[in-house]
Each structure stands twice: as structure tokens, then as C-alpha cells.
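By convention in this document, chain letters (A, B, ...) are assigned in the order of the sequence lines, proteins followed by strands, and residues within each chain are numbered from 1.
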Amino acid sequence: MTFGRLVWRDLLRNPLRLGLTILAGAVGVTAFIFLRTVIDLFYFGAQAAQVDRLIVRNKVSIIQPLPLSYYARIAALPGVTAVTHQEWFGGTLGDTQKDFFANFAVDPSTFLDVFPEFTAPPAQLAAFRSDPCGALVGEKLARRFGWKAGDRVTLKGQIYPGDWTFNVRGIYTGTRPGVDTTALVFGYACLNESEQLPKEAKDQAGIYAVRVDDPARSGAVAATIDGMFANSPFPTKTESERSFQLGFVAMSSAIITAVKVVSTVVLLIILLVIGNTLAMGVRERTRDLATLRAMGFRPAKVVLLVMAESAVIGLLAAALGVLAAPSLVNGFARLIASQFGQLPDNVMQPRTLVLSVVAALAVSLLAGAVPALRAVRLPVAEGLRKVA
Amino acid sequence: MVPFFYNARSLWARRLSTGLTVLGLGLVVFVFSAVLMLANGIESALASGGDVANAVILRKGATGELVSGVERDAVRVLATDPAVASGPDGAPLVAGELVVLVALPRDGGQAMNTTARGVEPESFTARPEVRLVSGRRPRPGTNEVALGKALVGTSPDATLGGELRFAQQRWPVVGVLEAGAGAFESELWGDATRLGAAFGRPGYSSVLVRLRSAGDMDAFVQRVGADPRFTLEAKPEPTYWADQASGLATFIRVLGLFVSFVFSVGAVLGAMITMYAQVATRIAELGMLRAVGFRRRSVLASVVVESTMLGAAGGVLGALGALATRWIHIRTLNFQTFAEVSFGFTPTPGIVVGALLFGTLMGLLGGLLPAVRAARLSILDALRT
């Protein structure tokens with residue numbers, strides 16, 4: 001009997017238990033993938049961040065505006081290739097935030113210079129730029145509400161009182177996977193020149209996004225910008241897009257830590273279930289294993305036998321879990337979509353899947369090690385005498 | 001019926017396997033109850049910041065104080081409403097409040113968004129639950145601020161006698177306030193006019209109105225909504241805070257229950273494995289039970305009871321573990337107010353009972369199929385092995 005065949009026969013000794021163990025392991029692997037994906041969701045913005053982009057915001061806090069007049073002064077700085085500004089609009093379709101999605105007022109003429117990862121057909125872009133109240137809608141958002149070019153969308157302003165109607169001029173898509181296509185952007189002029197806008201809110205920008213020619217110099221450019229406005233009534237804080245996004249992540253760190261703890265607990269549970277099964281199997285087979293050793297098998301080989309079994313269980317569980325995970329993650333995404341807006345399509349990363357397979361394998365080997373060592377520690381004679 | 005004692009003994013006889021299963025079930029129950037306690041903690045942290053006789057008035061359609069705006073004139077109009085209570089000095093208990101976010105540096109360099117609430121003297125009178133733990137109230141017309149209890153020590157200068165710096169001004173901390181573990185404990189309170197000047201905000205974000213009695217609330221809410229002089233909306237204060245908590249609490253609940261569900265499937269499978277093994281190794285014993293006259297259904301019940309005991313033990317373990325998290329405090333960003341909130345794990349009797357039931361149910365489910373197998377054994381076959 002070859003070694004592989006021996007492992008195979010041992011595994012099939014109790015097919016029901018094998019099946020249940022693999023199923024339990026698969027459930028754990030799925031839960032692990034799911035939780036890691038939830039963590040990735042928090043970092044989603046930071047991942048999409050470009051190294052050559054800076055975000056300028058009001059130093060006091062993100063909700064304080066900056067004057068529109070900063071635009072020309074930032075654009076004139078050496079090393080700056082493009083500048084655009086945007087303002088969080090925070091409008092909702094209905095009276096409540098049930099149908100939440102992100103919406104911004106942007107500067108149509110410069111927006112795509114700084115954010116080239118958003119694209120739309122040239123004709124739609126031209127239409128967007130020539131209509132002061134034109135809007136570009138992300139592909140995924142457009143699918144959600146069935147919007148197409150030419151539609152009119154009315155948002156209730158949360159920060160800016162009243163109803164605001166925009167003309168959908170185009171649908172934007174991302175040039176690479178991972179670009180957020182769940183937002184609506186519209187022309188800044190529509191907001192700024194409206195009579196609905198309170199006078200004190202005129203000519204203000206929420207943040208400036210700046211592109212620099214050389215990412216290595218972005219630190220210096222950021223310092224120049226902050227220095228330029230340090231003694232004005234509106235001092236700025238400039239940081240790379242990545243650290244800007246990570247700032248939000250840091251504020252949610254408690255939740256992320258909790259999810260990380262839970263994902264570790266998942267691994268622990270898999271460990272317990274697989275370890276329990278193997279321990280039972282080894283206990284029942286004490287006599288078989290002793291026989292093997294009496295026949296001349298070395299202890300190392302016996303350990304290897306048990307470990308090989310656990311590795312097979314771990315890998316099968318991982319395979320099953322990886323197969324089941326996408327539907328679960330998508331189901332969750334649908335559940336929370338109404339509260340937190342649509343999630344991007346490809347949130348589940350290959351990295352997570354690989355990690356989960358490695359973790360399942362490591363955990364199952366760990367689970368196998370203890371029973372295997374117990375098996376070989378027992379003196380052969382005693383093992384032979386033992387009855388189940 | 002097979003006596004319970006038999007089941008307890010047989011579980012004890014296989015301590016390792018029993019222990020691992022109970023631990024697995026316990027972990028699942030732990031996550032289940034910890035999540036519910038956390039969601040409950042957020043809700044009570046935010047929702048307890050409200051008195052039923054107080055109304056919060058926002059601009060119509062605004063979802064929070066941060067995005068709302070109320071003009072100064074409206075405060076004077078509201079003060080004339082007949083349902084408004086009067087303070088000890090006879091002045092109506094109406095306070096315009098201004099809410100802004102400030103980024104306070106946190107130990108370690110990252111900034112945290114903190115709610116700064118500009119208040120008027122009536123804000124304190126109208127909220128009896130807000131008490132000063134130490135120091136004194138900020139004086140009107142100065143930059144003095146009082147810190148919520150949860151903020152003390154989170155930022156280098158956030159202590160009594162310290163001096164915060166934001167909006168290019170200095171803000172000395174003169175008091176620490178407590179609000180029955182409510183949301184105000186995560187805020188800093190200063191003078192509304194000074195704060196408004198520093199942030200370039202001439203109006204208010206909201207108006208707090210204390211009514212003579214909670215019974216006047218419905219009529220007052222309707223009067224405010226129908227008043228043509230402004231487009232404002234009144235909400236009872238507890239309702240307002242509950243709304244502010246709903247997003248984060250829902251997120252944690254959905255995430256947690258989802259995970260608990262997935263976990264419980266794994267744990268039921270684990271219990272099933274254990275019980276199948278128990279049945280398999282005890283075939284002769286079970287045959288003996290049948291031979292001495294116990295019926296099939298008694299054997300079935302016995303196995304189910306044994307598995308249920310496993311589950312109940314897991315439930316107790318998990319619930320105890322979850323109760324131990326009471327001393328942990330969590331600070332995180334509330335997506336709705338965009339500011340940090342501080343809250344803890346808040347257990348309720350319902351959650352503890354739910355955790356115990358959940359554990360027991362998992363054990364019960366895990367034991368059913370093995371029990372059927374045990375009951376189906378024929379006496380002869382069982383005794384022969």
C-alpha cells in the first residue's frame with residue numbers, strides 16, 4: 001500500500017465525519033474571507049488613491065470650507081500640474097438617507113485632469129461640460145436607479161436647502177478595476193450660481209485636489225501650500241490622497257480591530273473543529289497506528305500520515321469556502337447597500353482568497369500536529385493493547 | 001427516561017472532546033452576544049442623550065445638526081411658544097446651539113473629529129442630565145470650554161486646566177461634564193457666539209427647546225412644522241439621538257448577526273461531529289440501554305439532551321466571556337454625525353438570555369441527527385459489536 005493510498009483509506013474511514021468536518025471548515029473559511037473583505041472595504045478609498053495626488057482641506061476640520069480664490073494661487077505653484085476643487089453636496093433622493101449615494105459638485109473643466117481614472121465617451125463629456133447643471137453618473141449608480149443620459153435627477157439638499165435638479169449628461173466608467181463608479185458629480189456652477197444658495201456659502205470649495213509632476217516632491221509641494229495659507233483666516237492642511245483616506249480609516253479603527261479579532265476567532269473555531277475530528281480519529285486508530293509502527297514505520301512517517309490527512313481536510317475546506325464566499329459577500333453588500341451606498345463590484349480581492357487558503361492550511365496542520373504527536377508518544381506495546 | 005446523570009458522566013468521561021466542542025460553541029455565542037451588546041451600547045450612548053420634554057429643532061429635511069442651519073430670528077420666535085417652559089429666572093428655556101467639527105490631535109499623531117457644541121446658558125438648564133464632574137461651566141462670551149468625560153485624556157491638552165487650540169484660537173478647558181453615558185460625553189461645549197465667530201457661522205445649527213411637559217410635544221412639533229415664518233422641523237430629543245445612532249448600530253448589527261449565523265452553522269456541524277463520535281463509540285452502551293428496557297425515544301432524547309447540555313455549557317461560557325467585555329470602551333467614527341463617539345458593550349438581560357438560548361439551540365440542532373442514528377440501532381447489532 002503506497003503512502004498516498006494509506007492517507008486516502010484513513011480519510012474515508014468515517015466519510016460522514018469527514019464530510020461534516022470539511023463542511024464546518026468551509027463555513028469558517030467563508031466567514032474568514034467575508035470578514036477580510038469587510039476590512040478591505042474600509043481601505044477601499046485608500047487603495048484607489050494615487051501617489052501623485054494631494055488633497056488640500058481646511059485645517060480646522062473637513063466640514064469647514066476653503067475660499068474659491070485659493071484655486072489660482074495653488075495652480076500657480078511650481079510642480080503643480082493640475083488642480084480641481086470639489087464640494088460634498090450630500091443630497092438625497094428622498095426625504096431620508098435610505099437611498100444614500102455619494103454626490104459632489106465638481107469643476108467640470110479640470111475634474112478629469114486630476115482624476116483621469118474616470119472616463120466617459122467624448123460626446124457625453126462635452127455635453128457635461130457645456131451644461132452648467134449637467135451631471136455625470138457612475139456606471140454602477142446608473143444601473144441601480146436605471147438612469148441614462150438625458151434623464152433629470154432631483155436631489156434634496158441636506159447641506160444646501162431645497163430641491164436641486166440636474167441633467168444626466170453621461171455615464172462614467174473607471175479606466176481600471178477598483179475605481180468607484182457609485183457616485184454622482186455635477187457642475188459646480190449649478191450650485192454656486194443658484195439663487196437658492198445662501199450668500200455666505202458662495203464661492204467656497206470643500207477640498208482642492210492637486211496633481212504634482214513628481215510624486216517624490218509631493219511632500220515639499222504640500223508644505224508650500226500649507227505655508228502659503230498658514231496665516232490666513234482659512235489655513236489649510238495638505239496631505240497625500242492616501243493619508244487623507246487613511247485618516248477616515250483611523251477614526252473607524254475600533255470597528256476594524258473588532259472585525260480583525262472576530263476573523264481570528266474564526267480561525268480558532270476551524271482549528272477546534274478540525275483538531276477535534278483528528279483527535280477522535282487518532283484515538284480510534286491508536287491500535288492501527290501502533291501496528292504500523294510495529295511493522296517498522298518510523299514515528300516521523302506516522303506523524304506525516306496524520307498531518308497529510310489534516311492537510312487534505314484543510315485544503316478541501318478552503319476550496320469549498322472559496323467557492324461559497326462570493327455569493328455570501330455579494331449578499332451582504334446588497335443588505336447594507338441601502339444604508340451605506342452601493343459597494344464596488346470587485347471588493348473581493350485575490351489576495352484575500354490566497355490568504356484564506358494559506359490560513360486554512362496552516363490551521364489544519366496545527367490542528368493535526370497535536371493528535372499526531374500524541375499518537376507517536378504512546379509506546380507501541382501499549383498502543384497495541386489498547387481497545388478504542 | 002435515561003437519567004441526566006448518565007449524560008453528564010459520559011460528557012465528563014470524554015473531557016478533551018467535550019471541552020473543545022464547548023469552547024467552539026462558546027466562541028460563537030461570545031461573538032453573537034458581544035455584537036448585540038455593542039450595537040446596544042451605541043444606541044444607549046447616543047439615545048440616552050435626550051430628555052422626553054426637550055425638542056430639537058432643525059432645518060426641514062436636515063438629517064443631523066451638522067448639516068442643519070437655523071437663523072437667529074427663529075430662536076426668538078420659538079421662545080414665544082406657549083408650551084415652552086421657563087427657567088428659574090423666568091426666561092424661556094430656549095437655546096440656539098451651534099455644532100461644528102474640530103480635528104483634535106490624538107496621541108500618536110492622527111486627528112480625530114470631535115463635535116464642538118456652542119451652547120447658551122439655557123442649554124445647561126434644559127438638560128438636567130448634564131452635570132459637571134469637576135471644574136465649572138464655561139462663562140458666556142469667553143473661549144472657555146467644558147469637555148465631555150469621554151474626551152478627557154484622548155488628546156494631549158484635553159484635561160481640566162489644559163488649553164485646546166483650534167480655529168486659530170485658544171480654548172481653555174474649565175470643566176468636565178457628565179451626561180449619563182450619553183452622546184454629550186463625547187462632545188466639547190463652549191459659548192455659541194464665540195464658536196460661531198471662530199468658525200464664520202453667524203446662525204445656529206439647531207435650537208433646543210424645553211417644554212412644560214412631555215405631553216405638549218406632539219402639538220409643539222406640529223406647530224413648528226406648520227409655522228410659515230420659517231421652514232423648520234422639531235423632533236423629540238430622544239428620537240433625534242436615536243436617528244443619529246441608527247446607521248452605525250445597524251451596520252454593526254447586520255455585520256455581527258451575519259457572522260454569527262455563519263459561525264453557528266460551523267458550530268452546529270462541530271457539535272454534530274462530536275455527538276456522532278459519541279454515538280459511534282458507545283454503540284454497545286446504547287444497545288445495553290435498549291436491552292434493559294429503555295425505549296427508542298428515550299435513547300433519542302438522551303442523545304439530544306447530552307448535546308443540548310454541550311450547547312448550554314457553550315452558551316454559559318460565551319455569555320460570561322461577553323459580559324467580561326463590559327470594561328472595554330470603544331471609540332469610533334459615527335458615519336452619520338461624522339464625529340467620534342465613545343461607547344461600551346452594554347449587556348441587557350434579554351441579550352444574556354438570548355445568548356444562552358442560542359447556545360442551547362445550536363447544541364440541540366447538532367444532536368438531532370446523531371440521536372436519530374442512536375435510536376435506530378437494533379439491539380442485537382449494537383450488543384454484538
Side-chain angles (χ1 to χ4, degrees), chain A residues 14 16-17 20-21 23-25 27-28 30-31 34-35 38 59-64 90 92 95-97 156-159 161 198 200 233 235 237 246-248 250-255 258-259 262 265-266 268-270 272-273 275-277 279-280 283-284 328 331-332 335-336 339-340 388, chain B residues 16-17 20-21 23-24 27-28 30-31 34 38 59-64 66-67 69 100-103 110-113 166-168 198-202 231 247-248 250-252 254-256 258-259 262-263 265-267 269-270 272-274 276-277 280-281 330-333 335-336 338 340:
Chain A
N14 191 337
L16 177 70
R17 184 194 292 165
L20 289 176
T21 312
L23 219 55
V27 167
T30 308
F34 169 71
L35 290 170
V38 169
K59 193 178 174 191
V60 175
S61 83
I62 180 84
I63 60 153
Q64 293 297 117
T92 53
D95 271 324
T96 60
Q97 282 196 302
K156 285 200 185 308
Q158 295 285 341
I159 305 171
E200 67 270 16
K237 180 172 162 84
L246 285 179
F248 293 111
M251 284 189 271
S252 306
S253 63
I255 291 185
V259 176
V262 174
V265 172
V266 172
L268 264 178
I269 293 180
I270 308 181
L272 286 176
V273 170
N276 195 8
T277 311
M280 276 179 210
R283 208 160 42 234
E284 285 166 18
L328 188 82
F332 177 75
L335 263 178
I336 63 164
Q339 284 281 343
F340 295 95
Chain B
L16 179 69
S17 178
L20 288 177
T21 313
L23 202 60
L27 282 173
V28 176
F30 171 76
V31 171
L38 203 57
R59 195 186 59 222
K60 212 166 242 165
T63 48
L66 202 57
V67 296
V100 289
L101 284 184
V102 293
Q110 278 293 350
M112 57 174 185
N113 277 346
F166 55 84
Q168 292 186 310
F199 284 81
R201 297 270 301 263
T231 48
L248 190 57
T250 308
F251 175 74
I252 289 186
V254 170
L255 178 67
F258 210 72
V259 169
V262 174
F263 269 24
V265 174
L269 290 172
M272 217 183 258
I273 292 167
T274 310
Y276 266 123
T281 54
I330 297 225
R331 321 176 48 75
T332 196
L333 185 72
F335 320 123
Q336 237 143 336
F338 220 68
E340 271 206 335

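In this structure, chain B has heavy atoms under 4.5 Å from both the backbone and the side chain of A:Thr21. Contacts of A:Val273 with chain B are made by side-chain atoms alone, with heavy-atom separations under 4.5 Å and no backbone atom involved. Both the backbone and the side chain of B:Thr274 come within contact range of chain A, with heavy atoms under 4.5 Å apart. Contacts between A:Pro235 and chain B at a heavy-atom distance below 4.5 Å involve the side chain alone, from C-beta outward. Both the backbone and the side chain of A:Val266 come within contact range of chain B, judged by heavy atoms closer than 4.5 Å.
Annotation: maximal heavy-atom pairing with chain A below 4.5 Å, among B:Gln168, B:Arg59, B:Met272, B:Lys60, occurs at B:Arg59. Note: A:Ile159 leads A:Ile159, A:Ile270, A:Asn14 in heavy-atom pairs under 4.5 Å with chain B. Heavy-atom pairs under 4.5 Å with chain A were tallied for B:Val262, B:Val100, B:Thr281; the largest tally goes to B:Val262. Annotation: maximal heavy-atom pairing with chain A below 4.5 Å, among B:Leu16, B:Ile330, B:Ile252, B:Leu20, occurs at B:Leu20. Ranked by heavy-atom pairs shorter than 4.5 Å toward chain B, the options A:Gly28, A:Pro161, A:Ala250, A:Gly157 are led by A:Pro161. Ranked by heavy-atom pairs shorter than 4.5 Å toward chain A, the options B:Leu23, B:Leu38, B:Val28, B:Thr231 are led by B:Leu23. Contacts with chain A were tallied for B:Phe30, B:Phe166, B:Phe199; B:Phe199 has the most, counting heavy-atom pairs under 4.5 Å.
At a threshold of 4.5 Å between non-hydrogen side-chain atoms, the residues A:Ile255 and B:Leu248 count as touching. Looking only at side-chain heavy atoms (C-beta outward), B:Glu340 and B:Asn113 stay at 4.5 Å or farther from each other.
Interatomic distance, CD1 of A:Ile269 versus CG of B:Leu27, reported as 5.0 Å (0.5 Å rounding). Taking OH of B:Tyr276 as the reference point, atom OG1 of A:Thr277 lies at 13.5 Å (rounded to 0.5 Å).
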